[in-house]
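Have a look at the structure below, then the notes.
Quick note: residue numbers are just sequence positions, from 1.
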Amino acid sequence: MPMYAASNAIEELKQPRKHPPKEKGEAIKDALKYFEMVYSRKDWKMSIDNVISIIISILGSSVITLILSTFIFQPMQERKKYIFDEKKRVYESIIVFAQIVLFPVEAKFSLGVARYNIQELSDDENRNNAINDLKMAVPKLKLISKDDRLVEDVEKFIQLKNKEQFNILVNRLRKDFYK
């Protein structure tokens, strides 16, 4: 490949480079030594000691971080994720069962209840089954939720079976879900 001269190159600098006087150079070196930014040969051992202590502290903190992550933080994250997923599953089923109780005719055509096969049963059988399933969800709620009022609201909905109590229950579930 042929090489060409650069068209924008200059042959001489307009102002020649000036080197600092010897005294100024010594003053800069002394300042750097004073602030321990550079070392002379006699101070080299101190520099190695500092490097070794830095390496030991980095390795030590890495090992401690690894231990904390493995035995404390990761299990806590997994536990929180498990509780969140379990709440989501239980809360969805509670809402579906409550909808079956309140709206048995409409629920037969809802996609959310397709897995319960309610189209083959009568409306009364669907309501009774949904109430039983809600009652079965109460112990799970006691395990996964710290909100005692949530369990009370589910039990109250089971007794009253009305839209107002359903709305109260949904709001309570929403608040508890994102705690």
Side-chain angles (χ1 to χ4, degrees), residues 32 35-39 46-179:
L32 291 173
F35 290 109
E36 296 180 356
M37 298 178 86
V38 294
Y39 298 100
M46 185 176 75
S47 155
I48 291 176
D49 291 343
N50 288 344
V51 169
I52 290 173
S53 68
I54 289 171
I55 290 172
I56 289 173
S57 67
I58 289 172
L59 291 175
S61 66
S62 296
V63 169
I64 290 171
T65 304
L66 178 67
I67 290 170
L68 287 174
S69 174
T70 304
F71 294 109
I72 295 174
F73 298 131
Q74 194 172 13
M76 284 176 51
Q77 288 175 341
E78 289 173 2
R79 183 176 178 268
K80 285 181 180 179
K81 184 182 180 323
Y82 171 77
I83 290 173
F84 182 82
D85 290 342
E86 192 64 20
K87 277 184 176 182
K88 181 180 173 187
R89 192 179 63 73
V90 170
Y91 293 1
E92 282 178 352
S93 66
I94 287 173
I95 289 173
V96 167
F97 297 142
Q99 288 172 332
I100 292 172
V101 169
L102 291 176
F103 315 106
V105 176
E106 293 87 351
K108 287 184 178 184
F109 304 104
S110 172
L111 295 176
V113 298
R115 63 181 172 208
Y116 299 106
N117 199 19
I118 64 171
Q119 292 181 346
E120 298 172 2
L121 301 175
S122 70
D123 292 346
D124 289 334
E125 289 175 315
N126 285 332
R127 263 194 220 101
N128 290 335
N129 290 342
I131 291 293
N132 288 335
D133 289 337
L134 280 171
K135 290 177 183 175
M136 296 301 290
V138 169
K140 291 179 191 174
L141 277 178
K142 289 179 180 178
L143 287 174
I144 62 174
S145 177
K146 295 176 183 172
D147 186 1
D148 294 333
R149 297 263 336 240
L150 177 62
V151 175
E152 292 172 10
D153 285 342
V154 171
E155 290 172 343
K156 196 170 182 182
F157 175 78
I158 291 171
Q159 291 172 354
L160 300 177
K161 300 176 192 87
N162 63 24
K163 291 179 189 178
E164 181 182 332
Q165 191 57 39
F166 175 70
N167 291 332
I168 292 170
L169 176 62
V170 169
N171 286 331
R172 176 78 57 199
L173 290 172
R174 185 183 307 132
K175 288 177 186 175
D176 188 62
F177 189 62
Y178 292 108
K179 278 187 181 178

Point to revise | Pairing residues for Ile72 by the side chain to side chain contact (heavy atoms under 4.5 Å, CB included) criterion, not counting sequence neighbours | key: Leu68, Met76
Exercise for review: Output every pair passing ring-ring contact (aromatic ring centres under 6.0 Å, His included) with a member in residues 57-82, not counting sequence neighbours, ordered by first then second residue.
Suggested key: none
Review point. Does Glu152 have any side chain to side chain contact (heavy atoms under 4.5 Å, CB included) partners at least two apart in sequence or in another chain, and if so, which?
Key: Arg149
Revision key, fill the gap. To the nearest 0.5 Å, atom CG of Leu143 lies from atom CD1 of Ile83 at 10.0 Å
Check your understanding: Measuring from Leu169:CG to Leu150:CG, what's the distance to the nearest 0.5 Å?
Key -> 6.5 Å
Check your understanding: How close do Arg174 and Asn171 get, heavy atom to heavy atom, and via which atoms?
Key -> NH1-OD1, 3.0 Å
**Study point:** Sequence-distant partners of Asn129, side-chain hydrogen bond (donor to acceptor under 3.5 Å, both in side chains), two or more places apart
**Key:** none
Check your understanding: Quick one: CD1 on Ile168 to CG on Leu173, what's the gap to the nearest 0.5 Å?
Key -> 12.0 Å
Review point. Nearest heavy-atom pair of Pro75 and Thr70: which atoms, and what distance?
Key: CD-O, 3.4 Å
Revision key, fill the gap. Across all chains, not counting sequence neighbours, the side-chain hydrogen bond (donor to acceptor under 3.5 Å, both in side chains) partners of Glu86 are Arg89
Check your understanding: salt bridge (Lys or Arg N to Asp or Glu O under 4.0 Å): which pairs involve residues 135-146, sequence neighbours left out?
Key -> none
Check your understanding: How far does CZ of Phe157 sit from CZ of Phe97, to the nearest 0.5 angstrom?
Key -> 12.0 Å
Exercise for review: For Ser145 and Phe177, run side chain to side chain contact (heavy atoms under 4.5 Å, CB included): C-alpha distance rounded to whole Å, both residues' side-chain angles, the deciding distance at 0.1 Å, then the answer.
Suggested key: CA-CA 9 Å; Ser145 177; Phe177 189 62; over 6 Å; no
Revision key, fill the gap. Sorted by chain and number, sequence neighbours left out, side chain to side chain contact (heavy atoms under 4.5 Å, CB included) with Asp124 holds for Ser122, Arg127
Study note, to complete from the structure: Taking every heavy atom of Arg172 against every heavy atom of Asp147, the minimum-distance pair comes out as CD-OD2, 2.9 Å
Point to revise | Gap between atom CD of Glu155 and atom CG of Leu141 - 0.5 Å precision | key: 9.0 Å
Exercise for review: May I have all residue pairs that pass salt bridge (Lys or Arg N to Asp or Glu O under 4.0 Å) and include part of residues 68-82, sequence neighbours excluded?
Suggested key: Lys81-Asp85
Review point. Between CG of Asp153 and CZ of Phe166, what distance do you get to the nearest 0.5 Å?
Key: 12.5 Å
Revision key, fill the gap. In short, side chain to side chain donor-acceptor pair (under 3.5 Å) pairs touching residues 160-170 with sequence neighbours left out are none
